[in-house]
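Reading through the structure tokens given below for one structure.
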Amino acid sequence: SLAGLTPTYFSTFFKQVVGISLWNYINYKRIDMAIRLITSDGLRKNMIDIAAECGFNNTANFNKTFKQITGMTPSDYKKNGGVVEIS
């Protein structure tokens, strides 16, 4: 409303300018935050807390989105020390 645009038009305009949908951009940012939390030394949070802190309402959505973006589950990512396996 601050920009004087409807949500639909804003989403369309965002995609034209940035090149990805607003929802995908939000998810990339959320997973980026999750990666930082997973790989932070000294932080011993479980995945449920990390998912909630990054705006996911359940771990199923968190796991699905994380895997779509990184190619691996959050747990596998953590086990690999933050290294994405490329096959």
Side-chain angles (χ1 to χ4, degrees):
S1 67
L2 289 173
L5 305 173
T6 66
T8 303
Y9 184 73
F10 179 79
S11 292
T12 302
F13 182 72
F14 186 93
K15 187 171 183 174
Q16 288 174 346
V17 172
V18 179
I20 62 172
S21 73
L22 178 60
W23 189 245
N24 284 343
Y25 177 81
I26 291 168
N27 279 333
Y28 281 116
K29 289 298 188 179
R30 292 160 87 191
I31 297 304
D32 182 55
M33 181 179 179
I35 287 170
R36 283 187 270 123
L37 291 172
I38 290 168
T39 58
S40 293
D41 288 336
L43 285 179
R44 301 288 177 227
K45 294 184 178 189
N46 63 42
M47 290 301 168
I48 294 170
D49 292 336
I50 291 173
E53 193 168 332
C54 296
F56 291 92
N57 59 358
N58 62 60
T59 55
N61 286 340
F62 174 61
N63 290 336
K64 179 182 172 188
T65 304
F66 195 99
K67 189 167 185 170
Q68 284 176 339
I69 291 173
T70 67
M72 55 192 348
T73 66
S75 297
D76 288 341
Y77 190 86
K78 186 174 186 173
K79 285 178 197 170
N80 287 337
V83 177
V84 176
E85 293 179 350
I86 300 173
S87 42

Subject >> F66 vs I35 side-chain heavy atoms within contact, under 4.5 Å >> reply: yes

**OP:** Kindly compute the distance separating CG (N63) from CE (M47), expressed to the nearest 0.5 Å.
**Re:** 8.5 Å

Original post:
Going from NZ on K79 to OG1 on T73, what distance comes out if it is rounded to the nearest 0.5 angstrom?
Top reply: 7.0 Å

Original post:
Is there side-chain contact between L22 and F13, with heavy atoms separated by less than 4.5 Å?
Top reply: no

Original post:
Could you give the distance from CD (E53) to CD1 (I50), rounded to the nearest 0.5 Å?
Top reply: 8.0 Å

Original post:
Out of curiosity, C54 SG to F56 CZ, how far, rounded to the nearest 0.5 Å?
Top reply: 7.0 Å

Original post:
Using 30° and 60° as the class limits, which term best fits the ring planes of F10 and F14: parallel, tilted or perpendicular?
Top reply: tilted

Original post:
Going by heavy atoms in the side chains, are F62 and I48 under 4.5 Å from each other?
Top reply: no

Subject >> Side chain proximity check, R30 to T65, heavy atoms < 4.5 angstrom >> reply: no

Subject >> Least distance between heavy atoms, L5 atom then Y9 atom >> reply: CD2-CD2, 3.4 Å

Original post:
In Å, rounded to the nearest 0.5 Å, how long is the span from NZ of K45 to CG of L37?
Top reply: 5.5 Å

Original post:
Going from CD1 on I38 to CG on N80, what distance comes out if it is rounded to the nearest 0.5 angstrom?
Top reply: 11.5 Å

Subject >> Non-hydrogen side-chain atoms of D32 and Y28 separated by less than 4.5 Å >> reply: no

Subject >> M33 reachable from I20 in the ILVMFWY side-chain graph, under 4.5 Å edges >> reply: yes

